[in-house]
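Report on the following structure.
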Amino acid sequence: MSAATETCVSATAGVRSRYIDCLRALALVRVIAYHLLSWAWLPLLFPSMGVMFALAGGLVASSLGRRDQWSVLRSRVRRLLPSLWVMGLLLVPVMVWRGWTYDPVGFVGQPLDWRGLLFWVVPFATPVGSDWGADLVLPLWYLRTYLWLLLLSPALLWLFRRWPVWTLSGPLVVMLAFTSGAVVDNGSRSDELVLSLGTFGACWLLGFAHHDGVLRRLPLRLVVPASTCLLLAGLGWALTHQRLDTGWNVNEIPIANGLYSLGAVLLLLRIQPTFAWVARVPWLDKLVSVMNARALTIYLWGNVAIASATTLEQRYVVGRWYDSADESLARGAQWVITWTVLAFIVLLLGWVEDVAARRKVRISPWPRRARSQPVDPSAPPPQGDRLGSCIAAAGGPSRPALTAPSR
Amino acid sequence: VFIDPTGRRWTAVRRLAALLAGLVLVGLALTVPSTLRSPQPTGPHELTLSDTGGAPPVVGDGPLLRVLEVVRRQGVVRARDPFTDEAVALADREVRAAGAAPYVLQRYGYGALPDPTISLTFEAGPDPVWTPPLLALLAEHDVPATFFVTGELAVRRDELVRQAAAAGHSLGNLTVTYVNLSAAPAPRRRAELVLGDRVLRAITGQDAGFVRLPFTRADDAATQQMTAAVLAAQRTGYVVAGFDHDTGDLAPRGTQLTPPPLDGTNRTLLLHDGGADNRERTVDFLAELIPRAKAAGYVFTTMPEANAALVGRSAPVQATAWDNVALYAVSAVYAWAGTAIYWLFLFAIFAVFCVSGLNIVLALRRRRGRRALLEQADADLARHTPAVTVLLAAYNEEAVIARTLESLGSSSYPVTEFLVVDDGSSDQTAAQVREAAQRDPRVRLVRQLNTGKAGALNHGLTTARGDLIVTVDADTIVSPHTVSNLVRHFAADPDGRLGAVAGVVRVGNLRTNLVTRWQALEYVTQISVERAAQDALGAISIVPGACAAWRKQAILEAGGYREDTLAEDCDLSLQLHRSGWRVTQDDDAVAFTEAPATVDDLLKQRIRWTFGTMQAITKNRDMLLNRRYGWLGMFVLPWYMLSVLVPLLTLPLVAVMALVAVRASGGGVVLLYFAVFTAAHATTAAVGLRLAGADLRQMLVVPAYRIVYEPLRAYLLYACAFKALQGRRVGWNKLVRTGAMDDHGAPATRHEPGTGPARFLPARTPAVVIDLTPSQPAAARAEHQGDLAAAGAGR
């Protein structure tokens, strides 16, 4: 990468990153909403997973540009795993206690074996869950795919810079192989992995392109039609290849999901609005900071919060305050309870992310000092930690003043 | 060589490629639709899974399975085949089980038969070990059976398939690759069903109009999940033939097989004649069951004999052209590719084990008895010192030339002159050389307009005063004894026909990163094993220009350095052999070079080497398999060509087969191969390092070696072939010198008695490191302090 690009990125990183932070926060809200409501149009509105992979890819490229690859991989993996371990330490015993049954015919849950448990330690494949916990461990596939893309990143970045078009078409070829029937998904762990790499690998690579400034150099008159074509192709595929159980839901049809996400990510990362206005709405600004600082916790525990919210609602709210038939009220109550539960979980377990990132441990991630101005573009970009946070999240309340004075 | 400035060849190649692609496309367009059309009668209608609601209720009994539409009219419930409109009566029990569902999955089969029947059905075969004894057993009891065979195995073991068909057994379709059809997309379903049928038709001359769906199970839940596959089979005109009794013969040893109750009802049994190595269970089970069932009044039949719906589905047919196309296509993928891989594997085993074993033996043998020879050479050298010119061609080498001259200046040999030919450098190279000349009067500078390395060297030859020429690259550091170690061979040369002595080039900056470490290991292994072995055979194919001694007369006789290849040292070495000069190697004449530290630079350098070597060998192709050139012509050069051409043609196949193997049976097989080749390489590397007296810790790179090497080799092969076809000149791709060198104060070379300590860079010779890389800030480079010899001197 040229020195010029590096400067270009970092000079405006302060302002830009607000947009990125907002995308990440929005992605998390959408994930929770979708898991709660299962509305098929939510993934169309905002393809969260593609966006999260793209942002993560950009961060990894940025780290690789500044430090040597081994230390980048080490620190990234270090930031990823502790939150997973904590979740495993809490969830696995509960699942064992509930008897750990699974349904091999309906493919709900997996048998409990040492290999499956090993994936709770290092998620080279999705960690196993019982049928009782199947919904709770549902989000963990993202960690697996993230880990693989991360480990592949030094090679991918080199390939992408050398042969961008060929490399970008790699994931599409994988998808095509599965869709055309040249390869039939046999439901094995490796097929599941390869399919998810094919679906989201291209988004990750666009993250590279965004970091390198390649995307910004593409003219909008090219990007908008290309992105529209991809979005329409994804939607069209979903409409013509509906599933019996989920219909045209893009999220459940890999190739549709891959195309749609790619189109959305291409557009979102290309337009790059400044988003300085967020700083003028203090509560929103802080909320975005919190969600970014605790992104992994929110993502991992989202389904647990939803499940507990449903139980709490059934037990204490329904029938007392409103009739069980009132769907919209019930959903609204679930929504409120979910985020309340999630807030508690963030307070209880979110500090793990600080430990993993080697930041000063804080129970409440709420920024202490109000911020009235957007980050001065000429100031040095917030370094190290903000780029190193685990999933796709920038670390910490993102102002250096608020994080540990470790540098 | 390979260069075609007119571009005509490239145009021709492109036209040919386009023509071939066009022909292939037309061929596919002509054959694929017809081959994938089902040879069975198909109905006029279509029906999709979503029409059926996904999981229709399962009704009825019997080994066959179909989806039926339930028609309810005025209280009468009837059913019809949704594809053929054939009307089917439903039993009361079936009507009740159907409930209100619009579609049902109906088990059916058998017919009005005089005696109760048993149909034995086999899956997972044919197996070369177990199918013959089973066929013998069946023949002994005069019992016909039904074999469901995948196309994949049928093309590999077509003799057994034919044998079974000839013995009166019925052959059924088990798809081509035993894939879960419900999970496969529609085109794949059609291909699996139709090609499986056609392959059997082509092999046996019998129809195979019924199919056993892979992963069929007896229970209703699993059957419902097969709905999509059942629909696909019906749509393409096949009858789905399952079973109604699972003997459990594929379960592990120790479990009991389940014999069918002989209660007078018809039975279709699931058995296996392959798939696992415990098939003696199946044979024993049948040897016991058949007489008992016959005694109980049962008649053994094939499935088409027992089921009315299968009548004629196994009839003799004349294989059509499309059946044969299908047979060839499936054979190409599943039989011939496997055979090719088998031979390639043998070749690889031979290449790795025999050739590296041979190299090791030769290198070790050469080692013995060489000491006496060298001592004699040193003694001769002490009596008589021939005039030696050290020749350097320099183009923009200001960063390193002073250091190189300094290391040369401390040579123990009384060198006549150090001749630097400045090939029109645009930087301060000449000034650096003049400065060095002031310190050491033996340094002489010749400047010329830029003509390339070969031209510079030839120019140097014309003005060189010595009879012996030592060539050293401008970025290469030598030890004080390098020159004398090289020259001593000429002093001891009995017949005066020694043309060149190759030195040993090592990587000077191995501590920089994995890329340079990898190269360090490669250099050591290759030089101290491969080239030593070539030396033992008198067949050194490449004398490295970076560090070698030449007889001036030999170079001139060979016509000097040529510019027509990119590997002028390889070309010149071959020319020397051609004019009858001997070439040898001195293992103690060590020179350290700066290896490319990034993958991009490495690729550029290797493209130049590979391309150049291919050019040089092509240019001297008359030496190939020519007895006159001994081992060089009969073994070294042909082997090199083979090791380039075989992977060039087979690598895509190997890659695809490796992927297929990983998918089919996990990464174990590939890991095993990897381990085997790594072990072989580790042996060679250990011997090489031992012979070179190098640090054995370099062995740590061995596991990474193949991971780097295989993709690199693949890339180089195709990049070079592509460039050769294009006919464009490959650029000089000069490496930007960083001047990075490890501290070689530690003895890196062998201590040779009689030559004094072969210590490199003694303390009195400061290594001057000049860091000239503008792309990397000084601070970033300072992180690699350990890599910079006397980094302080650089700044």
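Order of the sequence lines fixes the chain letters, A, B, ..., with proteins taken first and strands second; residue numbering starts at 1 for each chain.
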* **B/Asn513 vs A/Gln69, side chain to side chain contact (heavy atoms under 4.5 Å, CB included): CA-CA, chis, key distance, verdict** => CA-CA 11 Å; B/Asn513 57 26; A/Gln69 58 204 38; over 6 Å; no

* Could you walk me through whether A/Arg162 and B/Asp600 pass side chain to side chain contact (heavy atoms under 4.5 Å, CB included), step by step? => CA-CA 9 Å; A/Arg162 206 177 165 86; B/Asp600 292 84; 2.5 Å; yes

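Neither the backbone nor the side chain of A/Ser188 comes within contact range of chain B; no heavy atom of the residue lies under 4.5 Å from a heavy atom of that chain.
The shortest heavy-atom contact between B/Arg188 and A/Val183 is NH1-N, 4.0 Å. Among all heavy-atom pairs drawn from A/Ser180 and B/Pro185, the shortest one is C-CG, 4.0 Å. Between B/Ala184 and A/Val184, the shortest heavy-atom contact is CB-CG2, 3.7 Å.
Shown here is A/Trp39, whose CH2 atom has no more than 12 heavy atoms of other residues, nucleotides or ligands within 6.0 Å. Counting non-hydrogen atoms of neighbouring residues, nucleotides and ligands closer than 6.0 angstrom, the CH2 atom of A/Trp141 exceeds 12 such neighbours.
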